[in-house]
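Lettering of chains follows the sequences in order, A, B, ..., and the numbering in each one begins at 1.
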Protein chains: 2
Amino acid sequence: MKCPYCGYLKDKVLDSREREDGMTIRRRRMCLKCKRRFTTYEEIELKPLIVVKKDGRREKFNRDKLRIGIQKACEKRPISTDKINEIVENIEKELRQKYENEVKSKEIGKHVIKELKKLDKVAYIRFASVYQEFENIEQFLKEIEKIGGKNV
Amino acid sequence: MKCPYCGYLKDKVLDSREREDGMTIRRRRMCLKCKRRFTTYEEIELKPLIVVKKDGRREKFNRDKLRIGIQKACEKRPISTDKINEIVENIEKELRQKYENEVKSKEIGKHVIKELKKLDKVAYIRFASVYQEFENIEQFLKEIEKIGGKNV
DNA sequence: TTCTAAAATACAATATATTGTTTTTTGAAG
DNA sequence: CTTCAAAAAACAATATATTGTATTTTAGAA
């Protein structure tokens with residue numbers, strides 16, 4: 001850390017205490033050049049995940065919206081609510097790990113596709129048809145071919 | 001550090017890098033329970049800036065409060081989180097330069113107004129309506145005239 | 001001045017972070 | 001589909017931070 005008094009770049013920690021709530025670590029440091037002391041705080045990055053939509057507008061990530069999209073794709077399929085929640089949780093986890101601040105809605109789509117492909121081919125095709133904006137039957141067929149034809 | 005995902009209190013540091021300018025240390029941590037990863041930042045404590053509110057009460061300047069006010073004004077506007085953070089940072093810097101110890105909350109409002117005016121007219125009007133306590137539609141219209149009418 | 005609570009300091013035994021380098025993964029572009 | 005550059009992860013050798021307890025100083029109130 002750069003000493004706020006003399007600007008020297010090396011220092012050492014004299015004391016370090018975590019707050020009870022685990023939200024902050026306070027450190028007392030000493031500049032190795034001028035010996036003066038200063039305090040630092042370490043905090044968890046607290047940013048909401050922002051979703052950037054196709055038209056460029058931004059909004060806060062909303063777990064429920066994600067769930068609804070997946071639920072629609074799974075309608076009448078033998079997939080439990082728990083399973084869907086698990087997927088939602090996984091996707092949110094991955095997104096938060098992967099993107100610091102912002103994620104394009106398209107990226108979210110990719111993650112959903114990836115999960116549904118593993119889970120249920122019908123749900124997968126339904127979701128892809130919305131997400132990739134299928135405009136004719138051929139596109140459906142092409143996609144079905146890709147995952148191994150009608151015998152799935 | 002308390003895991004922001006599962007709340008567990010123990011974690012370990014996976015990576016730690018100091019920024020070139022020596023102002024920040026970024027750490028990548030992993031929760032020892034859920035294994036998820038998160039980022040923390042350590043920064044030097046600044047001398048607290050005191051905000052004097054309308055009723056005369058004083059409190060420490062709080063960057064997050066400022067950010068929230070601006071974020072509200074920018075909701076659903078095409079403005080990135082990065083841009084908002086940049087503005088918050090600039091305003092804080094200016095305030096600390098301009099005012100030694102204390103600053104009236106009204107002064108902070110003026111700074112925000114100034115920045116939003118440059119950035120986004122809708123956000124600007126929203127913020128002004130709260131800050132200047134608009135009480136009727138006429139005041140909105142008057143303000144909109146001032147910035148160039150409805151063709152903005 | 002005296003009292004009190006909070007902040008700062010000190011100390012010592014133990015555990016963990018740091019940092020340069022390499023490898024892998026990722027997202028965007030061709 | 002392939003390629004490229006950037007970000008993240010992995011690794012390993014070394015140095016430094018953490019944490020419990022005790023003591024001292026400071027700032028504000030009485």
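Distance CD1 (A/Ile25) to C1' (C/dA17): 11 Å, rounded to an integer number of Å. What separates CG of B/Leu14 from C1' of C/dT16 is a distance of 12 Å, to the nearest Å. Rounded to whole angstrom, the span from the CZ atom of B/Phe38 across to the C1' atom of D/dA8 amounts to 17 Å. For the pair A/Met1 CE and D/dA17 P, the interatomic distance rounds to 12 Å; values are reported in whole Å. Rounded to an integer number of Å, the gap from A/Lys104 NZ to C/dA28 C1' is 8 Å.
The B/Arg27 side chain lies nearest to C/dA17 when the options are C/dA17, D/dA17, C/dT9. The nucleotide whose nearest atom lies closest to any side-chain atom of A/Arg29 is, among C/dA17, D/dA10, D/dA17, D/dA17. Between D/dT18, D/dA17, C/dA17, one nucleotide has an atom nearer to the side chain of B/Lys12 than all others, and that is C/dA17. Taking every side-chain heavy atom of A/Ser16 into account, D/dT18 is the closest of C/dA10, C/dA28, D/dT18.
The two atoms that bring A/Cys31 and A/Asp11 nearest to each other are CA-CB, 4.0 Å, heavy atoms only.
Here B/Glu107 pairs with B/Lys110 in a salt bridge; the nearest charged N to carboxylate O distance falls below 4.0 Å. Taking the charged nitrogens against the carboxylate oxygens, A/Glu42 and A/Arg19 have no contact shorter than 4.0 Å, which rules out a salt bridge.
Here A/Arg17 lies in heavy-atom contact (under 4.0 Å) with a base.
In this structure, the side chain of A/Asp15 does not engage the main chain of A/Arg28 through any donor-acceptor pair within 3.5 Å.
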